[in-house]
A.B. asks: 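A single structure is presented below for examination.
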Protein chains: 2
Amino acid sequence: MSATIKDVAREAGVSVATVSRVLNGNCNVSEDSASRVNDAIKKLHYSPNFLGRNLRKCETNVILCIMPTSEHSLYSKIVTGMQRYASKLGYDIITAFSDNTATAEARQMNMLFNRTVDGVVLLGTMYDADSLNKLAQNYDIALCCEGVPGADVLTVAVDDESGAFDAVTALIEKGHRDIAFLGTKSEAISSTARENGYKKALEKAGIPFREELVYRDSYEYNCGTDAMNYFAGLEKRPSAVFAVSDLLAIAVIHRAYELGIEVGKDISVMGFDNITMCEMMLPTVSTVEQPCFKMGELVIEKLIENIHSAKKDNNYYTVDHKVIMRQSTGD
Amino acid sequence: MSATIKDVAREAGVSVATVSRVLNGNCNVSEDSASRVNDAIKKLHYSPNFLGRNLRKCETNVILCIMPTSEHSLYSKIVTGMQRYASKLGYDIITAFSDNTATAEARQMNMLFNRTVDGVVLLGTMYDADSLNKLAQNYDIALCCEGVPGADVLTVAVDDESGAFDAVTALIEKGHRDIAFLGTKSEAISSTARENGYKKALEKAGIPFREELVYRDSYEYNCGTDAMNYFAGLEKRPSAVFAVSDLLAIAVIHRAYELGIEVGKDISVMGFDNITMCEMMLPTVSTVEQPCFKMGELVIEKLIENIHSAKKDNNYYTVDHKVIMRQSTGD
DNA sequence: GTGAAAGCGCTAACAC
DNA sequence: GTGTTAGCGCTTTCAC
């Protein structure tokens, strides 16, 4: 259907090898040949077929990013960072959404196995450490945002424990002592790490940890609603809530208002991530910022290095977080 | 590096053709051969190289979706719908973000030209009608969400004019007569169409159109802020604002509160899209719902039909919208 | 500076 | 039911 390298060669009166050389910027071509080839390319509207090229070169210059959901601006920003860096190196990023299901994730990983892509970045995964380690032996993969304990796989993430520690410390410094924690039921390592940070901040301030101030479920929005219902029903209502995600924090804020509890005054709420919505909300939401662009750039930089290198970098890279105080903590 | 079909054939003691037959579910293979092949596949951890397959078959079963931004849950939902339908037919969806720039979009379109993908869905585009028509002659492309006037290209979108008409009529039925319009400077056809719907709704109710109640800029969040500043400064402040997107509506709401104007009471605000945030906001946001999943499914259904068909369907398909009243209009 | 030709991994027509 | 083989479009070695 469309023109091939042969057509161009015939049109230009040269061999396919010469066309290929022009295409790939090889300098060993006479000016005359080159211009004839370029004319032919234009005339035939030729565009090289990458399937042929990639098959021959055993590479695609495409990296797949698998993310749990399409609707999380945290992930969107990370992908933007990935894209920005990748394009500098001639790579493209494509994305797929796993909906947090192992089957979808496995299906999408086929693109790696069948050589449709050169590498994969997982923004959260259902694979366990063993599986990841095995995969990493034969393929180039990386984790971003959410690490897996025991996985010796290239990882880029914030220091969740330290981020949570700083957030809770900021609440303590504002005079709070009854600080609730809203996390998940241990399925996400980030939540567990943030819970540890919460506990350490309390400990350092000499505030005893109280199990009744902890609510664990999942990252779903409605869990924030349930959590606020629970906190509001406690004998002594907490004066502050630290949630492991902005979405949960927003749900808490929303529910608090419905219950007639004024956020930023009667109760302070702090999230994690610094998604775009934090500044749009009323009140604006205090949070711990993850440097999404930087994370995306870094993970791609390291992954592409791995793709081109025999010995794999399987380090765990930590990027800096930042506590941001807004109206939801009375600022 | 990884095993090829030849390795499997050798291991199983059959020819590559037989392996290929097993791989493709061709029934003309003896049970004995098939099981030997399957054993070999498992033993060698073989996964077919799709570059070879695709090159041979002149197809990739991958569709590219180019969207203006990664951070819009409207697009995210449409992609989810696309993905859902595509996977049923053995297709994968990959995404790329153009940031509303012609250069990025053109760069990404190369994946279509170089045969990395079988088709493209554009969620908004910088191409003009002529270019699109030319492209559509040689490639399978579709528009979704945002049509281009004069483009005879497969398109799926809501009826923007009618959606806006219904939204503004709903405001009128709640007693509003001073209804402002917040749109864009004609770069997006959807905004222009929605402005027409706004005007027609006023006309039908016998309310004269007043240019000073119209503010046009872009889809950016801060334009909503500017718009609210403008509306608040009018001699007679409008009692309602209809914005062409939820994001703009949310910006208006946010700014109104900062100005001490109570939304849902002093002023009603209505958006368009029904993004997830509408239900999370305080107050919740009234809007016109676009059936994102359905749009995604439909555009993929039709595009894949086109891919497999000689004569192209270049219809403009309209999907149903729905007005949803929430707290921002006092409901 | 240029061309001939092998071969990347796969599918499918053809022969048996 | 199975094997042989051509060839998809491209890059790259090797000769000249």
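Predicted model, so just to flag it, every value in this text is computed and none were measured. Convention: sequence-line order gives letters A, B, ...; per-chain numbering from 1.
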A.B. asks: Roughly how many Å is it from NZ in A:Lys57 to C1' in C:dG7, rounded to a whole number?
C.D. replies: 16 Å
A.B. asks: Separation of B:Asp7 atom CG from C:dG9 atom P, in whole Å?
C.D. replies: 8 Å
A.B. asks: Only one of B:Lys302, B:Lys312, B:Arg115 passes salt bridge (Lys or Arg N to Asp or Glu O under 4.0 Å) with B:Asp140; say which it is.
C.D. replies: B:Lys312
A.B. asks: So, OP1 or OP2 of C:dT2: does either fall under 4.0 Å of a side-chain N or O from A:Ser33?
C.D. replies: yes
A.B. asks: Taking it one step at a time, do B:Thr80 and A:Ser70 satisfy side chain to side chain donor-acceptor pair (under 3.5 Å)?
C.D. replies: CA-CA 7 Å; B:Thr80 302; A:Ser70 64; 3.1 Å; yes
A.B. asks: Among residues at least two apart in sequence or on other chains, which ones pass side chain to side chain contact (heavy atoms under 4.5 Å, CB included) with B:Ala129?
C.D. replies: B:Val148, B:Ala151
A.B. asks: Between B:Lys42 and B:Asp39 (salt bridge meaning N to carboxylate O under 4.0 Å), is one present in this structure?
C.D. replies: no
A.B. asks: At less than 3.5 Å, do the side-chain atoms of B:Arg56 and the base atoms of D:dG9 form a donor-acceptor pair?
C.D. replies: no
A.B. asks: With a cut-off of less than 4.0 Å, is there a side-chain N or O of A:Arg53 near OP1 or OP2 of D:dT11?
C.D. replies: yes
A.B. asks: What nucleic acid atoms does B:Asn28 come within less than 4.0 Å of, heavy atoms only: base, sugar-phosphate, or nothing?
C.D. replies: base
A.B. asks: Report yes if a side-chain nitrogen or oxygen of B:Ser30 is closer than 4.0 Å to either non-bridging phosphate oxygen (OP1 or OP2) of D:dT2; otherwise report no.
C.D. replies: yes
A.B. asks: Please classify the nucleic acid contact of A:Ser20 as base, sugar-phosphate, or nothing, using heavy-atom distances under 4.0 Å.
C.D. replies: base
A.B. asks: From CG of B:Asn114 over to P of D:dC8, roughly how many Å is that when rounded to an integer?
C.D. replies: 19 Å
A.B. asks: Does B:Leu51 reach a base, just sugar-phosphate, or nothing at all? Heavy atoms under 4.0 Å.
C.D. replies: nothing
A.B. asks: Under 6.0 Å between ring centres, would you say that holds for A:Tyr139 and A:Phe113?
C.D. replies: yes
A.B. asks: Output all residues satisfying ring-ring contact (aromatic ring centres under 6.0 Å, His included) with B:Phe50, sequence neighbours left out; order by chain, then residue number.
C.D. replies: none
A.B. asks: Indicate, with a heavy-atom threshold strictly under 4.0 Å, whether A:Asn24 touches base, sugar-phosphate, or nothing.
C.D. replies: sugar-phosphate
A.B. asks: Look at the side-chain N and O atoms of A:Thr4 and state whether any lies under 4.0 Å from the OP1 or OP2 oxygen of D:dG9.
C.D. replies: no
A.B. asks: Does B:Asp32 come within less than 4.0 Å of B:Arg36, counting only side-chain N to carboxylate O?
C.D. replies: yes
A.B. asks: Between the two ends of the helix from C:dG1-D:dC16 to C:dC16-D:dG1, what is the bend in degrees, rounded to 10 degrees, where each end axis spans five pairs?
C.D. replies: 40°
